[in-house]
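Atoms within a ligand are numbered from 1 in the order they appear, just like the ligands themselves.
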Amino acid sequence: MGAKLLCLFLASALLAYYIYTPIPEDLEEPWKVMFITATFRAMGHLAEVADQLGLMHYMETLMLITAAEYVAPTSDENVTVMDTEFSNVAVRLYLPRKASDGLRRAVVYFHGGGWSLGHAGMKPYDHLTRWTSNRLNAVVVSVNYRLAPKYHFPVQFEDVYSVTKFFLQSSILSQYGVDPDRVCVAGDSAGGNLAAAVAQQLLKDPEVKTKLKAQALLYPALQTLDLNLPSYRENENKPVLPRLLMVKFWSEYFTSDSSLREAMASNRHVPVESSHLFQFVNWSNLLPEELKKDHVYTSPTYGSSELAEKYPGFLDPRAAPLLASDAQLRGLPLTYVLTCEHDVLRDDGVMYAGRLQAAGVPVTHDHAKDAFHGVMMFVLGPAKLAVGYRLLNRYIEWLNENL
Ligand SMILES: *[C@@H]1O[C@H](CO)[C@@H](O)[C@H](O)[C@H]1NC(C)=O
Ligand SMILES: *[C@@H]1O[C@H](CO)[C@@H](O)[C@H](O)[C@H]1NC(C)=O
């Protein structure tokens, strides 16, 4: 009896130790955030073990979350939902049923998940895109681009690009009753990365006649160069996206070769030949004082040129939109950027918003002090967070006013 009680006590203590993480004071609903964090951490550990044992690739284990959250395309009284293909890439379409006075607005949406995870049919994404369609009476195209580790850069980018280009053809826009002057690209996290890259690439593409009205970037990943920005340092172990997971996502976007991941983890992956690119991510110039705090800027530590020769993608602006020059940023459409304080990717978004503004692009930059990465995913069921809802509403409101 005594032994059993002792075991129970030890097991509970271990569990409590495992679940307990210090939650930043300005996050509301700390217990919920703690359980969300513990769930993601447990999945991460499971994925690590399965990977080490050679059972499953790390990302395949995490993909089980995506699979568990999948919902089939289901129409409702407001929106017709269907899975189809645009230009041989899978997409989920949301077509409003409400009558429209004239042509409709449209949003081409790219889900997040580190280029390895996620699906347009994941409950939180299905909810977000359905709601966008309903609230804006807009056509929404949510893209199921191919994912790592099976596919690496530039496949993800090329998939979303060819869908966008296909959709922007005037014959397709008119088929869906869409106003060519009111189309936007949007995405969260890795999807925000893809949206920013698509918007840049469209400017250079002489074949595309329709211009985007706007881009909306929700806590986007925008640069590969400096994985030790103040936001990476401060939020190394914050909810949902710890620094080493972001490093895994970045390296997996280009290759499963662990040498890139190791170099990125120690922030020594950029060769000296590419040193000129650091001006575009130089936080010492590009961050406001309140985010620099007392962090000390040190010059980059360079790595071997071998990695960059093998995996040139990580220095490509189509993968890292912050690496575009100022001249290439001019002419980008009206932009919405959301950043979260407790997010390794915070400074990517802050620097991009600042560089776009300096290049004359009209930008709305919302910074949520009480939020962590991916928070807009937590708007359903027991994991629903008030802050997720608030930011989701704010994003839709911005689209409604600006698209
Ligand atoms: C349909 O739209 C109305 C008005 O916006 C809303 O009240 C209702 O909940 C929507 N139905 C669904 C299934 O989302
Ligand atoms: C970054 O900016 C600081 C301050 O202006 C400057 O001293 C430093 O040389 C810059 N570093 C790079 C790599 O551009």
Identify the residue among W250, F110, F254, F249 that makes a ring-ring contact (aromatic ring centres under 6.0 Å, His included) with W115.
->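 Result for ring-ring contact (aromatic ring centres under 6.0 Å, His included) with W115: W250.
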Could you find the nearest protein heavy atom to [atom] and give me its residue, atom name and distance?
atom: atom 6 (C) of ligand 1; answer: N78 ND2, 4.2 Å
atom: atom 13 (C) of ligand 2; answer: Y297 OH, 3.6 Å
atom: atom 5 (O) of ligand 1; answer: N134 ND2, 3.9 Å
atom: atom 2 (O) of ligand 2; answer: N282 ND2, 2.4 Å

Could you list the atoms of ligand 2 found under 4.0 angstrom from a heavy atom of N285?
->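 By the 4.0 Å cutoff, the relevant atoms are 1 (C), 2 (O), 4 (C), 5 (O).
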Per-atom contacts of ligand 2 with F278, taking only distances under 4.0 Å to non-hydrogen atoms |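 So the answer, numbered in order with elements, is 13 (C).
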Would you confirm whether any non-hydrogen atom of the protein falls under 4.0 Å from atom 9 (O) of ligand 2?
->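 Under the 4.0 Å cut-off, atom 9 (O) of ligand 2 has no protein heavy-atom neighbours at all.
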Any side-chain donor near an acceptor of the partner, [X] and [Y], under 3.5 Å:
X: Y336; Y: D366; result: yes
X: R130; Y: N78; result: no
X: R92; Y: N144; result: no
X: D347; Y: Y232; result: no
X: Y70; Y: D126; result: no

Using heavy atoms and a threshold below 4.0 Å, how should the contact between R135 and ligand 1 be classified: side chain, backbone, both, or neither?
->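 None of R135 does.
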Answer with side chain, backbone, both or neither: which part of V79 has a heavy atom less than 4.0 angstrom from an atom of ligand 1?
->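 None of V79 does.
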Any salt bridge between D343 and K238, counting N to O under 4.0 Å?
->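 So D343 does not pair with K238 through a salt bridge.
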Short N or O distance, Q279 and ligand 2, threshold 3.5 Å exclusive |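 Not met; the criterion fails.
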